[in-house]
Amino acid sequence: MAYATSMDDPTGNRSASVKIGGATFRKTIKVETVKPNRLKIKYDLAPANPLAGADLPRQTNMQVNWLHGAPARNLKAKVEVQLKQASTSFSKYKTYRFTDPARKYNSRSEVLFNGNVNNEGVAAIDLKVARNQNNMPGKMKVNFRTRAFEKGGGYSEDNFSIGYDPFESYAGISIPRNRYGSKRLDVDKEGTIDFVLVDKNGKELPNRKLNVGLYRVAWRWWWERNNNNFSSYNTSTHLNAEKSASINT
């Protein structure tokens with residue numbers, strides 16, 4: 001069930017309570033007026049053109065103007081960026097998997113710029129987002145959060161995302177499906193696994209060397225006893241290389 005305040009209701013703290021049986025739950029809810037942006041923030045980045053790891057670090061210009069078009073002279077601005085995992089897929093190779101399942105990437109928001117724009121409302125920002133590149137499972141996206149602060153303390157905010165290619169090429173693997181639709185190879189039976197190497201735009205890269213490893217994955221359970229003498233299950237994953245080879249695309 002949805003509730004809404006009236007347009008002429010004052011802002012501030014409201015108390016919401018829910019009674020279930022003999023229990024009553026209360027929570028304070030803030031009702032505030034939404035203040036529209038008075039500043040327009042623009043970068044010389046095109047969201048349709050992903051960033052490339054090979055091209056970074058580089059500079060990008062940020063322009064801050066008032067909505068009527070005049071430059072926001074010497075105002076303070078703060079730019080934060082955060083890397084997130086994106087989908088690594090190519091339309092020509094829909095049955096291939098390009099994301100590395102063995103790599104997980106968690107990134108916190110980092111301050112990229114914290115200073116003042118110049119007299120023309122412009123700031124040159126050093127764009128650096130390639131930290132821990134080896135831990136990235138595939139294509140990424142960079143989320144930008146920008147706030148420009150007025151002299152009176154209010155601020156305007158802009159958020160946008162742009163793609164990021166940490167690698168110049170991506171290797172894909174295609175495992176055949178059985179009659180039940182599962183991707184698998186049966187033990188003691190012949191099977192074929194297909195590989196492909198493409199650039200960041202999905203174009204095939206011929207005559208490239210790939211190192212391939214085949215592993216047996218075993219998932220083990222056992223009992224353990226902790227400091228409080230309580231026993232519980234624990235798990236561990238073991239990987240043992242069965243075979244390795246070098247192939248050429």
Side-chain angles (χ1 to χ4, degrees), residues 37 39-65 72 75-118 121-149 155-174 195-205 208 210-211 213 215 237 239:
N37 285 347
L39 298 165
K40 183 178 180 180
I41 304 166
K42 185 179 180 181
Y43 289 83
D44 61 357
L45 297 172
N49 299 324
L51 300 171
D55 299 333
L56 298 181
R58 52 161 283 194
Q59 273 196 344
T60 181
N61 289 326
M62 176 183 66
Q63 174 75 53
V64 182
N65 289 341
L75 292 186
K76 181 181 178 181
K78 186 175 184 179
V79 181
E80 297 173 90
V81 296
Q82 186 176 21
L83 274 174
K84 291 286 189 179
Q85 183 175 335
S87 173
T88 308
S89 60
F90 303 93
S91 59
K92 189 176 178 180
Y93 295 100
K94 294 182 179 180
T95 62
Y96 286 75
R97 178 166 184 171
F98 293 88
T99 302
D100 187 348
R103 299 182 185 184
K104 301 295 182 183
Y105 190 87
N106 295 314
S107 171
R108 292 183 178 180
S109 178
E110 297 185 10
V111 177
L112 197 63
F113 176 83
N114 190 9
N116 288 67
V117 298
N118 63 17
V122 177
I125 300 174
D126 293 324
L127 190 56
K128 299 177 290 186
V129 296
R131 179 176 293 183
N132 299 327
Q133 180 170 307
N134 291 334
N135 293 332
M136 297 180 187
K139 288 178 175 286
M140 309 289 289
K141 66 178 179 179
V142 188
N143 296 329
F144 284 79
R145 182 194 182 199
T146 307
R147 286 175 289 170
F149 298 86
Y155 67 88
S156 297
E157 182 172 334
D158 179 78
N159 295 274
F160 76 97
S161 298
I162 188 170
Y164 174 56
D165 279 298
F167 310 108
E168 295 185 5
S169 60
Y170 296 90
I173 179 173
S174 179
F195 297 90
V196 68
L197 187 70
V198 299
D199 66 12
K200 59 186 180 181
N201 298 315
K203 182 180 179 181
E204 297 90 345
L205 297 175
R208 300 293 182 91
L210 294 178
N211 294 320
Y215 295 84
T237 301
L239 300 175

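Between the NZ atom in Lys139 and the OG1 atom in Thr99 there is a gap of 10.5 Å [rounded to 0.5 Å]. Summarising the geometry, atom CZ belonging to Phe113 is positioned 13.5 Å from atom CG belonging to Leu127; distances are rounded to the nearest 0.5 Å. Atom CD in Glu80 sits 10.0 Å away from atom CG in Leu112 (nearest 0.5 Å). Interatomic distance, Glu168 CD to Asp199 CG, rounded to the nearest 0.5 Å: 9.5 Å. With values rounded to the nearest 0.5 angstrom, Asn37 atom CG is found 7.5 Å from Glu157 atom CD. In this structure, Met62 CE and Leu45 CG are separated by 11.5 Å, a value rounded to the nearest 0.5 Å.
When the salt bridge (charged side-chain N to carboxylate O under 4.0 Å, His left out) test is applied to Lys200, no partner is found at least two apart in sequence or on another chain. Remark: Asn49 engages no residue in a side-chain hydrogen bond (donor to acceptor under 3.5 Å, both in side chains) (not counting sequence neighbours). By the side-chain hydrogen bond (donor to acceptor under 3.5 Å, both in side chains) test, Arg208 is found to be paired with no residue, residues two or more places apart in sequence or in another chain being considered. Residues forming a side-chain hydrogen bond (donor to acceptor under 3.5 Å, both in side chains) with Gln82 (at least two apart in sequence, or on another chain): none. With sequence neighbours excluded, the residues that form a side chain to side chain contact (heavy atoms under 4.5 Å, CB included) with Lys92 are Glu204. Looking at residues two or more places apart in sequence or on another chain, you find a side-chain hydrogen bond (donor to acceptor under 3.5 Å, both in side chains) between Thr60 and Asp44.
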>> Determine whether Leu56 and Tyr164 satisfy the following criterion, side-chain contact (heavy atoms from CB on, under 4.5 Å), listing intermediate values before the conclusion.
In response: CA-CA 10 Å; Leu56 298 181; Tyr164 174 56; 3.6 Å; yes
>> For a side-chain contact (heavy atoms from CB on, under 4.5 Å) check, start with the C-alpha distance between Tyr43 and Ile162, then their side-chain angles and the critical distance, and finish with the verdict.
In response: CA-CA 11 Å; Tyr43 289 83; Ile162 188 170; over 6 Å; no
>> Checking Val122 against Val117 for the side-chain contact (heavy atoms from CB on, under 4.5 Å) test, could you report, in this order, the C-alpha distance in whole Å, the side-chain angles of both residues, the deciding distance, and whether it holds?
In response: CA-CA 5 Å; Val122 177; Val117 298; 5.9 Å; no
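Under the 30°/60° scheme for interplanar angles, the aromatic rings of Phe90 and Tyr170 are found to be tilted. Using a 30° and 60° split on the angle between ring planes, Tyr155 and Phe149 fall in the tilted class, from 30° to 60°.
A donor-acceptor pair shorter than 3.5 Å cannot be found between the side chains of Gln63 and Asn61.
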